[in-house]
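Here's the structure we're looking at; comments come further down.
Reminder, nothing fancy here: chain letters follow the sequence lines and each chain counts from 1.
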2 protein chains.
Amino acid sequence: MAVPPGTRRPRQAPIATLSRVAPRPTLRDVATAAGVHPATASRALNEDTRSLVRPATVERVRQVATALGYSPNPIARSLKTNRSETVGVLVPDITNPVFPPIVRGVEDFLAEHGYTALTANTDNDPERAALNFAAMQARQVDGYIIATARRDDPLLHDAAGRGVPMVLVNRQTEGLDVSAVTGDDSVGISRVVDHLVDLGHTRIGHVAGPSSTSTGIARERAFRSALERYDLSAAAAVTAQAFTEAAGRTAMLELLEAGAPTAVVAGNDLLAIGCYDALDDLGLECPRDVSVVGFNDMPFIGRLRPPLTSVRVPQYELGIEAARLLLDRLSGRSTTPRSVLLPVTLVVRGSTAPPPGARARRRGRGSAPSPG
Amino acid sequence: MAVPPGTRRPRQAPIATLSRVAPRPTLRDVATAAGVHPATASRALNEDTRSLVRPATVERVRQVATALGYSPNPIARSLKTNRSETVGVLVPDITNPVFPPIVRGVEDFLAEHGYTALTANTDNDPERAALNFAAMQARQVDGYIIATARRDDPLLHDAAGRGVPMVLVNRQTEGLDVSAVTGDDSVGISRVVDHLVDLGHTRIGHVAGPSSTSTGIARERAFRSALERYDLSAAAAVTAQAFTEAAGRTAMLELLEAGAPTAVVAGNDLLAIGCYDALDDLGLECPRDVSVVGFNDMPFIGRLRPPLTSVRVPQYELGIEAARLLLDRLSGRSTTPRSVLLPVTLVVRGSTAPPPGARARRRGRGSAPSPG
DNA sequence: TTGTACGCGTTATCAA
DNA sequence: TTGATAACGCGTACAA
């Protein structure tokens with residue numbers, strides 16, 4: 001029905017319907033009840049326009065608003081402002097135990113600042129990533145937190161080029177000028193190698209993460225250079241096809257055949273579990289026959305059989321920090337991209353021991369020998 | 001600036017700004033390009049009004065739309081329709097390994113149908129739940145999937161009373177007439193007791209989940225009635241304060257003191273891990289001294305030390321099913337609440353063995369002895 | 001079969 | 001300091 005302007009819509013007909021959700025009061029309701037114009041009510045209720053309104057009026061409007069239980073309609077606001085107070089979060093798979101703490105950190109920080117997270121799983125599929133990215137774009141997300149970055153990621157380059165605000169977390173993309181928060185892969189791996197050398201290992205292998213990810217590459221590089229500091233070289237190195245147990249197992253079987261290492265550094269914890277499986281397959285025992293080290297120290301990994309020695313990455317803080325960087329960017333507080341490297345620590349557990357037929361070379365926290 | 005109606009807004013000034021995101025084409029852009037009125041374009045593009053438009057016109061509009069890369073603005077649509085194609089998902093804590101598979105199931109099903117999930121963590125705090133619920137309400141979510149239900153939950157009763165569409169998953173609320181999807185607690189516990197009795201246990205204890213949750217209560221009841229079928233009674237039963245490892249440990253310590261059981265059924269896997277901890281504390285060994293069984297069969301639980309015998313609940317399917325029920329409800333396809341009970345299976349692993357100084361009583365898959 | 005005219009609830013801009 | 005007005009992008013009764 002065509003209603004003359006200024007007339008209020010007839011509120012929801014009292015037909016008995018199953019889902020009769022009570023209509024929320026609108027800004028106009030508040031304005032009318034407070035005897036002011038909607039625009040004034042809007043100004044009174046909005047943080048940064050409040051100063052334009054006489055304090056007494058502000059007070060009255062706020063009183064009425066809380067009395068009516070008014071809260072602004074974010075949809076209408078978004079339509080007007082082109083912002084949604086919503087950010088998109090892209091993870092490979094929330095089912096991978098590494099990501100829940102990160103996501104939780106992100107959500108906690110966002111919530112604290114009135115923002116909401118929209119999460120999607122990409123399964124490391126660039127196509128799914130693009131689809132989800134577009135869907136979020138359509139929903140007017142103000143920015144993105146990306147845990148799915150590939151080392152070469154046209155999607156991200158494209159978006160960054162268009163000025164889409166985003167922060168990478170955990171993984172990076174090469175040559176992309178955006179903020180990123182990651183654990184210190186290099187130091188982590190270095191500590192691992194120190195530890196293994198300390199124990200007396202000299203034949204150390206590496207099950208590297210996929211070369212499509214920055215973490216895969218970075219940890220492999222770190223591994224090689226850490227060995228060099230001891231004048232060692234890799235007993236063998238195999239690159240896994242994915243950060244999964246299955247891929248780890250396959251890679252480990254290959255590795256054991258190639259290099260007969262007494263210790264193996266895995267690209268992450270899931271790969272390390274795959275290494276366990278491979279050892280099982282061959283009737284070998286960890287750490288008696290082969291020591292295994294993971295990366296990330298994901299939840300419950302210390303309760304495995306045997307408890308996995310791993311590098312603890314502060315996942316939750318990673319999420320917090322990423323969210324902080326994004327909101328800083330969105331609010332214009334910070335404008336130049338920053339790379340944040342969070343400190344990691346080696347957690348020694350039962351999966352590492354001296355090599356077969358040897359005792360630990362020396363005691364004390366391992367560090368590279370002084371050169372010369 | 002006041003522009004006469006009908007005039008097109010001046011598109012984004014070409015000022016060099018950091019975040020110059022390309023403006024998305026609108027329905028009007030499509031309409032103009034196709035030489036039709038926006039209303040016509042709208043009808044042509046919308047599934048259920050398409051029949052009102054001449055096929056040739058439909059085709060032309062669609063061509064233009066894809067050519068321009070048009071996709072409707074969900075925000076504007078929501079404002080008009082009061083729907084958002086978004087559903088709120090409430091979980092206690094995404095960091096608890098039980099929930100990621102559920103959430104993933106929900107998101108997968110929703111995505112398949114054009115819906116998006118908004119997830120929030122409540123930490124089992126009714127106040128946080130209410131806050132998140134309200135925030136989602138404000139964002140116009142079309143319905144809720146609730147994994148945080150308390151046995152007595154005023155928030156949910158209130159919302160259900162107002163006709164808010166929702167589906168419970170995993171946990172239930174008493175006397176609440178809404179759809180729910182859960183694992184079959186009763187059958188699961190029954191299988192567990194069968195298994196333990198099979199092994200020869202007669203002194204069986206229970207570390208129950210918190211009585212504020214339906215799962216805590218249901219499993220305890222099932223435990224007692226399963227024992228009755230064997231003319232046994234609980235060696236002891238202690239209720240844990242929360243579904244956490246810490247609470248499980250505390251409860252288990254109490255339980256061991258009270259009843260000296262040879263086997264313990266834990267309310268869920270996290271409690272079972274707590275039981276492991278308690279046994280460690282006392283220098284006891286599982287399963288040699290005490291057998292332990294969990295519930296849920298959460299990821300990686302089979303890789304613990306020892307691998308935990310548990311009841312496998314199809315978490316992912318739980319999520320799928322819950323999402324399906326909700327969308328059915330939202331589309332009006334189904335109107336009466338349904339309770340779906342998903343089948344569970346016992347997964348026997350290394351945490352269960354015959355009691356000290358005994359051999360298994362009988363072989364074969366356990367079932368209750370014929371009465372009499 | 002298509003066009004006209006509003007309005008969803010909010011905020012930006014101008015005028016007073 | 002406040003009010004009036006338009007507009008964000010879309011869907012939909014009504015008219016044609």
Between dT12(D), dC10(D), dG9(C), spot the one nearest the side chain of Ala76(A), thanks. dG9(C)
Has the side chain of Tyr115(B) got a donor or acceptor atom that lies under 3.5 Å from a matching backbone atom of Leu327(B)? no
Spacing of Asn82(B) atom CG relative to dC10(D) atom P, expressed in whole Å: 17 Å
Counting side-chain heavy atoms from C-beta on, which of dT10(C), dC10(D), dA12(C) comes nearest to Tyr70(B)? dC10(D)
The answer to which of Pro72(B) and Arg60(A) contacts DNA chain D further toward the 5' end, by nearest nucleotide, is Arg60(A)
Picking from dG9(C), dG3(C), dT5(D), the nucleotide nearest the side-chain atoms of Ala39(A) would be dT5(D)
Any chance the side chains of Arg28(B) and Thr26(B) put a donor and an acceptor closer than 3.5 Å? no
To the nearest angstrom, how far is Leu52(B) atom CG from dG3(C) atom P? 13 Å
Write down the distance between CG (Asp29(B)) and P (dC8(D)), rounded to a whole number of angstrom. 11 Å
Does a side-chain N or O of Arg77(B) approach OP1 or OP2 of dG9(D) to a distance below 4.0 Å, or not? no
So which nucleotide from dT2(D), dC10(D), dT12(D) ends up closest to the side chain of Thr57(A)? dT2(D)
Please confirm whether the backbone N or O of Leu45(A) pairs with a side-chain atom of Arg50(A), one donor and one acceptor, at under 3.5 Å? yes
Residue Val53(B), side-chain atoms from C-beta onward, closest of dT2(C), dT4(C), dG9(C): dT2(C)
Rounded to the Å, how far apart are Arg43(B) CZ and dT1(C) C1'? 8 Å
Would you kindly say whether Arg139(B) and Thr86(A) are connected by a side-chain donor-acceptor distance under 3.5 Å? yes
Can you tell me if Ser42(B) touches the phosphate of dG11(D), counting only side-chain N or O atoms and a distance under 4.0 Å to OP1 or OP2? yes
Under 4.0 angstrom between Arg28(A) side-chain N/O and dG9(C) OP1 or OP2: no
Would you indicate what Leu27(A) reaches in the nucleic acid, counting non-hydrogen atoms under 4.0 angstrom: base, sugar-phosphate, or nothing? base
Using whole Å, report how far NZ of Lys80(B) lies from P of dA13(D). 9 Å
Do Arg60(B) and Val36(B) make a side-chain contact, defined as non-hydrogen atoms from C-beta onward lying under 4.5 Å apart? yes
Asn73(A) side chain, from C-beta outward: closest of dC10(D), dT2(D), dG9(C): dG9(C)
So, the side chain of Asn73(A) versus the backbone of Ala76(A): is there a donor-acceptor pair under 3.5 Å, distance only? yes
Using atom CD1 of Ile75(A) as one end and atom P of dT10(C) as the other, report the distance to the nearest whole Å. 11 Å
Judged by nearest nucleotide, the residue sitting upstream toward the 5' end of DNA chain C, Pro38(B) or Leu79(A), is Pro38(B)
Would you indicate, yes or no, if dT10(C) has its OP1 or OP2 atom less than 4.0 angstrom from a side-chain nitrogen or oxygen of Ser78(A)? no
Whole angstroms only, please: what is the CD-P distance between Gln140(A) and dG9(D)? 9 Å
Would you indicate, yes or no, if dC8(D) has its OP1 or OP2 atom less than 4.0 angstrom from a side-chain nitrogen or oxygen of Thr81(A)? no
Using a cut-off of less than 4.0 Å, is there contact between a side-chain N or O of Asn46(B) and OP1 or OP2 of dG11(D)? yes
For the pair made of CD in Glu59(B) and P in dT2(C), what is the distance, rounded to whole Å? 13 Å
